[in-house]
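These notes concern the structure reproduced below.
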Amino acid sequence: MNREKEIWRQGPDEAARKLEAHPESGLTGAEARRRLAEYGPNLVEEAESRPWWRILLAQVANFIAGLLAAASVVSLLLGQEVEAVAIAIALLLNVAIGFFTEWRAERSLEALRHLGMARSRVVRGGKERQVEASELVPGDVLLLSAGDLVPADARVVRAEGLTVDESALTGESISLAKGPDAVEAIAEGETPENMLYRGTVVAGGGARCLVAATGMDTRLGEIAKLAGEASGGGTPLARRLERLGRRLVFLTLAVAAAVAALGFATGKPPFLIFETAVALAVAAIPEGLPVVATIALAQGMWRMASRGAVMTHLEAVETLGSTTVICTDKTGTLTENRMTVRFLSLPDGGEEEPDGKFSDPAVRALRAAVLANAAELGGADEQPRGDPMELALLRAGREAGLDRPELLRSHPEKRREPFSADTKMMATVHRVDGDHRAWVKGAPEAVLAACDLEDPVRAELEKRQDELARRGLRLLGLATKAMEDPGGDIYQNMEFLGFVCLEDPVREGVVADVDMLHDAGLRVVMVTGDHKATARAVAEKLDIIRSGDPDPHLGSELADLDSLTEEQADELRRTPVFARITPERKLDIVDLLQRGGQVVAMTGDGVNDAPALKKADIGVAMGKRGSQAAKQAADVVLTNDDFTAIAWAVEQGRVIFRNIRRFVVFLLSGNAAEVAAVALAMALGWPLPLLPLQILYLNMISDVFPALALGVGRESGDVMNRPPRDPSEPLLARRHWWEMAGYAVLIAAVCLVAFVLAGTTRQAASEAFLTLALARTWHVFNMRGPEEHPLRNSVTKNPLAWGAVALSLALLAAATYTPLAAILDLRPPTGPATLYVPLLSLVPLAVVQLVKSFWGKERNE
Ligand code: ATP
């Protein structure tokens with residue numbers, strides 16, 4: 001339903017009538033359910049997911065299926081019924097396997113789309129409640145506040161200081177004021193002032209609105225529909241693989257043609273040549289590459305999500321693996337954000353712990369901490385609400401008999417200056433016995449600067465502030481002043497009351513993660529709003545600062561990047577800690593590092609962090625603390641705000657990319673081995689070592705299953721012992737092509753050796769086939785990382801790889817010892833061949849293990 005066009009011209013009441021909505025009590029639960037059934041879920045699908053029959057159709061109508069069908073028909077015409085049926089079965093199996101893999105890929109993607117969905121605040125049945133954003137219906141009463149992502153198109157009915165960033169729709173990043181009044185006309189390209197659109201972000205203030213359109217009926221939905229029709233879909237990686245595959249089709253056809261020409265030249269029967277060429281083409285065309293890559297990516301994303309890192313799109317996985325710097329905030333990510341007040345440090349130098357026995361000056365100081373506070377502890381059966389640091393202050397206040405709600409009765413609050421990153425303070429003004437008084441808490445240096453102090457006292461306090469911060473404590477300054485004019489300037493000529501020192505324990509396991517990331521060639525940079533000395537102490541505890549690193553820098557020192565000399569910029573790039581950083585400065589840090597060629601991951605949670613998250617190569621938003629605006633801008637959302645999940649995501653990003661590389665190398669080299677064996681035998685004028693149906697059978701048993709097993713392997717192996725991947729490097733670098741050629745030559749060689757040893761007869765061909773098939777089965781174990789143990793590595797620890805090997809062996813046994821053998825023209829090995837066939841098949845494995853162990857170490861996989 002999109003009644004938007006009519007409703008912005010009318011006043012709020014008329015609009016509500018049009019939408020059959022009640023701005024106060026909202027829809028009833030039953031009515032909401034009815035409308036959900038009528039209008040469908042509030043989802044914008046970027047691309048419609050494909051139904052099963054479309055997937056099946058794609059398998060039937062492709063080049064390989066065409067080739068096989070043609071081969072089957074030609075066989076039939078030439079009176080080769082058994083061949084014709086066998087090829088038809090191969091065709092069916094090919095279609096089935098293709099369908100199975102692609103269907104799985106599609107399902108994995110679909111499941112991912114529903115991850116990390118947002119929740120919205122609505123009023124239903126007169127009560128405020130949270131619902132999944134996907135369950136919103138037209139007519140719902142929606143409550144929005146700063147930082148929220150607008151989940152549907154909605155008509156504003158009440159607003160308080162509401163501003164909205166519509167850059168997601170218009171591309172222009174300016175905050176627009178919005179309000180409930182009727183609008184007569186709007187200029188081209190503008191949006192009505194009383195309408196909010198899905199995908200835009202509430203920059204400030206709050207609003208009550210009525211949902212006007214949901215899902216694909218929203219403006220964003222309409223745009224997505226158009227965009228979906230225009231774009232080809234698929235991730236860059238899948239597209240690259242598709243291009244690679246297409247190029248290989250031509251190569252394969254050329255080789256097949258060459259093999260056929262050789263066959264004619266050496267006088268082989270034309271039908272055999274035709275079939276062999278078709279079988280080779282079918283075997284060597286890597287049709288499954290993009291699909292297996294999609295499964296590998298999707299499965300990897302599931303694994304990440306299960307450990308608390310939800311990727312917002314598939315492409316980010318690729319970038320994650322080549323990340324070189326992780327910039328992370330401190331509070332809540334590296335630390336637990338579980339604050340407790342350790343002690344008060346009073347102006348006279350005395351320290352008092354919160355043990356219920358406070359002196360008068362301590363109670364005076366705590367009163368500031370309790371009054372200049374935006375949190376609520378609540379009653380016995382209520383959840384505390386607000387910032388953990390402020391809650392810790394309220395708890396300490398209670399110990400001293402200062403309960404905020406009670407205090408407010410004798411000190412009613414008259415004015416509030418919320419905490420701002422600019423002043424780094426917050427203040428409240430209260431009425432006390434007919435007069436007004438302000439209380440302030442904030443960053444210690446900011447509070448000291450706002451206080452009236454004698455120079456020596458100021459110097460002593462500044463020294464003390466540094467000493468306390470160096471102990472890793474989080475400090476706040478407290479101050480007060482009488483206000484003649486309650487609306488007047490607060491932050492000057494104040495009386496200093498003391499410092500309150502809080503402790504926030506570091507998260508368990510972070511030290512180990514930081515060390516692991518360092519070993520993997522990544523740098524971890526702490527970017528915090530906290531005091532320099534506190535930041536340094538925590539960073540030292542976590543191993544983020546190491547000997548030889550430059551000193552922590554302050555945000556104010558970053559002022560003008562363009563005027564830095566190259567040396568200064570370099571030093572900043574090596575700096576492990578940035579303190580007193582505002583969100584705008586985060587953007588500068590990303591810029592600085594990117595100009596130095598780094599691939600940067602940056603964390604953030606506030607609305608103002610969104611630009612830095614967008615600019616970073618990997619934006620990481622906090623799932624719990626983070627605003628929806630930050631989540632919208634991010635590539636990764638951490639469900640538990642936990643640093644460990646970032647480390648894990650980087651590791652998985654590398655694992656996924658490595659897996660994709662591995663199965664591509666595995667598939668291409670194995671197929672090339674078959675082509676090489678046949679082509680060489682033809683060139684040498686020998687009989688064929690592999691028959692067409694055998695090639696087709698081999699293609700079935702040793703391609704898809706081992707490749708899938710490699711693609712979804714979980715073991716990290718040695719990925720974190722090597723430097724990050726160069727993002728400009730192609731999926732297959734030159735060294736991979738050489739590596740694949742090496743594998744192909746080795747496997748083809750043992751096949752031909754077995755053929756010659758047995759005298760190039762029909763019996764010999766069977767043995768050559770078995771040697772090649774076994775060698776290809778073991779080939780999966782060649783895919784270990786060069787730094788991994790030959791026996792205990794990421795492939796041998798992958799149960800699916802063993803499953804694929806067992807399946808291959810079982811199918812090979814079936815091909816040799818059951819009636820299938822007659823169709824495939826296979827005979828069991830006899831005499832010495834029972835020994836040398838398995839032995840020869842192990843030769844490539846042994847050679848590769850030796851080469852990897854002695855020469856492969858320095859190389860990247
Ligand atoms: P991080 O960036 O790691 O989360 P942070 O919480 O210290 O660290 P900011 O939120 O930017 O970063 O806060 C900067 C400083 O302002 C804090 O170190 C603290 O001294 C002060 N501060 C933070 N929150 C409040 C508040 N609610 N009231 C008063 N002062 C505050």
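For ligands, and for the atoms within them, numbers begin at 1 and follow the listed sequence.
- For the residues Lys330, Met622, Arg474, the heavy atom positioned nearest atom 6 (O) of ligand 1 is part of Arg474.
- When atom types are taken as modelled, the side chain of Asp515 and the backbone of Ala512 share no donor-acceptor pair closer than 3.5 angstrom.
- An N or O contact shorter than 3.5 Å is missing between Met426 and ligand 1 by distance.
- For ligand 1, the atoms lying closer than 4.0 Å to a non-hydrogen atom of Ala443 are 20 (O), 21 (C).
- Formation of a donor-acceptor pair under 3.5 Å by the Thr639 side chain with backbone atoms of Gly308 is found in this model.
- Judged purely by atom type and a 3.5 angstrom limit, Thr200 has no side-chain atom pairing as donor or acceptor with the backbone of Leu196.
- Atom 19 (C) of ligand 1 has its closest protein heavy atom at Leu476 CD2, 3.8 Å.
- In terms of polar-atom proximity, defined here as any N/O pair under 3.5 Å, Asp329 makes no such contact with ligand 1.
- Nearest residue to atom 17 (C) of ligand 1 from Lys586, Lys424, Arg580 is Arg580 (criterion: closest heavy atom).
- Listed by chain and number, the residues in a side-chain hydrogen bond (donor to acceptor under 3.5 Å, both in side chains) with Asp513 are Thr644 (sequence neighbours excluded).
- Among residues two or more places apart in sequence or in another chain, the side-chain hydrogen bond (donor to acceptor under 3.5 Å, both in side chains) test is passed with Glu406 by none.
- A heavy-atom distance below 4.5 Å is not found between the side chains of Pro388 and Arg338.
- Between Leu448 and Phe499, the closest side-chain pair of non-hydrogen atoms falls below 4.5 Å.
- What sits closest to atom 22 (N) of ligand 1 on the protein, heavy atoms only, is Phe419 CE1, 3.2 Å.
- Using a 4.0 angstrom heavy-atom cutoff, Met526 does not count as in contact with ligand 1.
- Heavy-atom contacts of Thr528 reach the following atoms of ligand 1: 1 (P), 2 (O), 3 (O), 8 (O) (cutoff under 4.0 Å).
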Intermediate values then yes/no, side chain to side chain contact (heavy atoms under 4.5 Å, CB included), Arg121 and Ser145: CA-CA 10 Å; Arg121 269 193 311 146; Ser145 54; 3.7 Å; yes

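- One finds no salt bridge joining Glu467 and Arg471 here, because no Lys/Arg side-chain nitrogen approaches an Asp/Glu carboxylate oxygen to under 4.0 Å.
- Regarding atom 27 (N) of ligand 1, its nearest protein heavy-atom neighbour is Glu390 OE2, 3.1 Å.
- Nearest protein heavy-atom contact of atom 28 (N) of ligand 1 is Lys441 NZ, 3.0 Å.
- Residue Met389 has at least one heavy-atom neighbour below 4.0 Å for each of these atoms of ligand 1: 23 (C), 24 (N), 25 (C), 26 (C), 31 (C).
- The closest approach between Gly442 and ligand 1 falls below 4.0 Å for a heavy atom of the residue.
- Proximity to Leu475 (heavy-atom distance under 4.0 Å) selects the following atoms of ligand 1: 20 (O).
- Residue contacts with ligand 1: Thr331 is placed with a nitrogen or oxygen under 3.5 Å of a nitrogen or oxygen of the ligand (distance criterion only).
- Here Arg431 does not pair with Asp435 in a salt bridge; the nearest charged N to carboxylate O distance is not below 4.0 Å.
- The closest protein non-hydrogen atom to atom 9 (P) of ligand 1 is Gly529 CA, 4.1 Å.
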